[in-house]
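Worksheet: the structure to be examined is printed underneath.
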Amino acid sequence: MTFHKDRPLIAQTDFCVLLEVRHPSFEEARAGLAKFADLVKSPENIHTYRMSSLSLWNAAAAGLTSEEIIGFLDRHAKFGVPTGVKQDIRRFVERYGLVRMERLGDDLLLISKDVEAIKEMVSFRSLRSYGLCQVDSQTLRFSARYRGLLKQELVKLGFPVEDLAGYSRGESLPIRLRTEEAGEQAFELREYQRSAVDSFYREGSLHGGSGVLVLPCGAGKTVIGIAVMGKLNCATLILTSNSTSVRQWKREILEKTDVTEDLVGEYTGMQKEVRPITVATYQILTYRKSKDDPFIHMDLFNKRDWGLIVYDEVHLLPAPVFRVTADIQATRRLGLTATLIREDGREEDVFSLVGPKRYEMPWKELETQGWIASVECVEIRVPMAEKEKEAYFAAAPRHKMREASVNPDKLKVVRDLLSKHDGEQILIIGQYLEQLRQLAEATKLPMISGEMPYEEREALYSGFRSGAVPALIVSKVANFAVDLPDATVAIQISGSFGSRQEEAQRLGRILRPKAGTNRAVFYTLVSEDTKEQEFALNRQLFLIEQGYRYRIEWADGSKEAVSI
DNA sequence: TGAGAGGGAA
DNA sequence: CTAGATCCCTCTCA
């Protein structure tokens with residue numbers, strides 16, 4: 001094996017790939033790896049990526065071939081790629097599409113050129129109840145009602161079936177986008193938005209109809225959803241995470257299409273309209289009086305002949321909705337998200353039931369094109385005073401995180417940052433209400449938490465936008481509030497455990513393009529040498545995978561800044 | 001009829 | 001793991 005000292009990667013036999021952080025071609029290698037592997041560890045000098053069957057299948061579904069993946073690794077790996085790893089990559093990638101699902105009358109078929117694959121499927125005990133019936137050595141037949149469950153089960157057994165069984169068109173509804181008209185309401189799809197739409201749906205192609213589009217915060221996911229609706233022209237059910245988002249979808253649909261108001265309904269706790277375009281929350285679907293009772297609103301899926309279901313923030317899709325989704329596989333399904341990571345690990349179910357990844361827009365690319373601000377991330381390590389340190393060590397393990405997070409010495413750091421960024425729009429984001437209240441008290445800045453009524457929030461938001469309010473202190477509402485104004489500086493003083501989602505969401509708060517240099521800063525304050533510092537590492541994984549670097553500084557200036 | 005409080009759920 | 005936010009229902013009061 002030849003040794004290429006000047007290359008940044010090491011491909012290991014365990015399917016991990018190590019990436020040298022300080023290597024001149026780090027960025028190129030990182031961008032390439034991110035397409036088919038997940039970042040699992042990111043210490044200072046070497047980042048560890050891991051390929052998994054799912055990461056490779058998603059890559060395959062988005063159009064990457066095994067030869068492209070292997071070629072990429074070959075070009076960048078110091079010691080080349082172990083032969084076994086190459087074989088496994090081929091084996092995994094080629095599994096996607098090895099078995100197809102097609103329609104035959106009222107039944108469905110599983111078809112594969114690989115006779116062994118068919119044999120294997122027949123032999124699986126867990127598939128017995130689906131009534132698989134062998135037609136010939138390359139074909140199995142089964143009832144269409146098992147389309148979803150079977151795909152779900154087959155993914156777990158290592159067969160990511162390509163679903164070409166087609167879709168029903170649903171009730172038709174003309175939806176014209178206001179892209180061609182003149183005047184205030186006209187808008188134009190950005191190039192990447194058009195590509196995203198095209199990779200989900202192509203006229204006359206059986207492929208077009210289910211899948212997930214992955215785009216950063218602020219990339220215009222709603223617009224893409226609406227553009228897909230404009231292509232399919234059918235009754236559409238949109239599921240989203242909260243009521244603000246419901247209103248936002250409704251508003252944007254009315255603004256960006258010629259659909260009239262009477263055709264757009266809201267299905268929430270407040271209002272139960274079922275119209276040709278209906279926007280609902282996930283929560284109403286999963287409502288039941290108590291455990292063991294039925295989900296009384298789940299039949300919204302059957303209340304109309306939907307031609308398209310949009311799963312906004314598909315990484316939040318609740319478990320019971322998966323179950324219903326398995327039953328409506330003949331309906332087109334579009335998932336939208338900023339990250340395929342689910343904190344509950346059910347990524348496989350998103351893959352099999354909503355669909356594989358069809359398109360991904362990397363954050364850094366969007367930044368290069370100037371659609372989002374360029375953000376500098378800084379982790380500031382704040383030492384704990386003796387007294388607090390004692391309390392920290394004395395605390396029960398499950399309280400340690402909180403003890404570290406509420407380190408009172410963070411106050412001084414916040415003050416310094418406030419004066420350093422005087423005149424800019426600053427958001428201070430935290431997790432513990434008590435900590436936030438103290439900070440609000442000390443800085444005389446307004447604080448927004450869940451208990452504040454919406455009108456009061458609105459008033460503060462508009463004060464913040466106009467510059468009358470220089471900084472806002474916000475609780476976890478920042479994770480949900482779609483209407484929270486953009487800022488140029490975010491200071492995170494505490495957060496929940498290792499949530500990569502939350503970190504990305506909070507960074508998303510300062511992504512809107514900025515006048516002038518288009519720059520923003522994201523500070524995160526962690527107590528030095530505590531659990532909080534460990535959790536911070538995990539939180540940062542997703543953003544680091546996307547190419548963000550965290551500069552580390554010490555609040556007391558005891559050590560020099562480093563970059564990871 | 002609508003607003004507001006309270007409780008349960010995930 | 002915790003703490004917090006949200007949503008949805010039901011009940012009460014005017």
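Reminder, nothing fancy here: chain letters follow the sequence lines and each chain counts from 1. All values reported here derive from a predicted model rather than from experimental measurement.
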| Option passing salt bridge (Lys or Arg N to Asp or Glu O under 4.0 Å) with A/Glu532 (candidates A/Arg381, A/Arg402, A/Lys410) |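 Exactly one candidate clears the test, A/Lys410.
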| query | Toward the 5' end of DNA chain C, which comes first, A/Gly498 or A/Leu433, by nearest nucleotide? | reply |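 Upstream on the strand: A/Gly498.
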Within the 4.0 Å heavy-atom criterion, would you say [X] contacts the bases, only the backbone, or no part of the nucleic acid?
{"X": "A/Arg457", "value": "sugar-phosphate"}
{"X": "A/Thr286", "value": "nothing"}
{"X": "A/Ser449", "value": "sugar-phosphate"}

Spacing of [X] atom [atom1] relative to [N] atom [atom2], expressed in whole Å:
{"X": "A/Leu316", "N": "C/dA5", "atom1": "CG", "atom2": "C1'", "value": "13 Å"}
{"X": "A/Leu285", "N": "C/dC8", "atom1": "CG", "atom2": "P", "value": "9 Å"}
{"X": "A/Phe480", "N": "C/dT6", "atom1": "CZ", "atom2": "P", "value": "7 Å"}
{"X": "A/Ile448", "N": "C/dG4", "atom1": "CD1", "atom2": "P", "value": "17 Å"}
{"X": "A/Gln435", "N": "C/dG4", "atom1": "CD", "atom2": "C1'", "value": "13 Å"}
{"X": "A/Tyr287", "N": "C/dC9", "atom1": "OH", "atom2": "C1'", "value": "4 Å"}
{"X": "A/Asn479", "N": "C/dC7", "atom1": "CG", "atom2": "P", "value": "13 Å"}
{"X": "A/Lys476", "N": "C/dC7", "atom1": "NZ", "atom2": "C1'", "value": "15 Å"}

| Can you say whether the rings of A/Tyr550 and A/Phe522 are parallel (under 30°), tilted (30 to 60°) or perpendicular (over 60°)? |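 If you compare the ring of A/Tyr550 with that of A/Phe522, the planes turn out perpendicular.
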Among the candidates [options], find the nucleotide nearest to the side-chain atoms of [X].
{"X": "A/Phe497", "options": "C/dT6, C/dG4, C/dC1", "value": "C/dC1"}
{"X": "A/Lys289", "options": "C/dA3, C/dC8, C/dT10", "value": "C/dT10"}
{"X": "A/Val477", "options": "C/dC9, C/dA5, C/dC7", "value": "C/dA5"}
{"X": "A/His297", "options": "C/dC8, C/dC9, C/dA5", "value": "C/dC9"}
{"X": "A/Arg398", "options": "C/dT2, C/dC7, C/dA3", "value": "C/dT2"}

| query | Taking only residues two or more places apart in sequence, or in another chain, which ones meet A/Tyr287 in a ring pair (Phe, Tyr, Trp, His ring centres under 6.0 Å)? | reply |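 Checked A/Tyr287 against ring pair (Phe, Tyr, Trp, His ring centres under 6.0 Å); zero matches.
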Taking only side-chain N and O atoms of [X], does any of them lie within less than 4.0 angstrom of OP1 or OP2 on [N]?
{"X": "A/Arg402", "N": "C/dT2", "value": "no"}
{"X": "A/Lys272", "N": "C/dC9", "value": "yes"}
{"X": "A/Ser475", "N": "C/dA5", "value": "yes"}
{"X": "A/His399", "N": "C/dC1", "value": "no"}
{"X": "A/Thr281", "N": "C/dC7", "value": "no"}

| query | Could you give the start and end, 5' to 3', of the contact zone on DNA chain B for chain A, using atoms under 4.0 Å from its heavy atoms? | reply |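 It runs B/dA9 to B/dA10.
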| request: Pick out which of A/Leu232, A/Thr236, A/Leu263 makes a side chain to side chain contact (heavy atoms under 4.5 Å, CB included) with A/Leu173. | output: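 So the option named by the test is A/Leu263.
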| Side chain proximity check, A/Val264 to A/Leu254, heavy atoms < 4.5 angstrom |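 They are in side-chain contact.
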| task | Could you tell me whether the side chain of A/Phe322 reaches within less than 4.5 Å of the side chain of A/Val350, counting heavy atoms only? | result |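 Yes, their side chains come closer than 4.5 Å.
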| For A/Arg465, does the CZ atom sit with more than 12 other heavy atoms under 6.0 Å from it, leaving out its own atoms? |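 Counting neighbours around CZ of A/Arg465, more than 12 heavy atoms of other residues, nucleotides or ligands fall under 6.0 Å, so yes.
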| task | Could you point out which residue of A/Glu313, A/Arg342, A/His315 forms a side chain to side chain donor-acceptor pair (under 3.5 Å) with A/Gln501? | result |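 The single option meeting the side chain to side chain donor-acceptor pair (under 3.5 Å) with A/Gln501 is A/His315.
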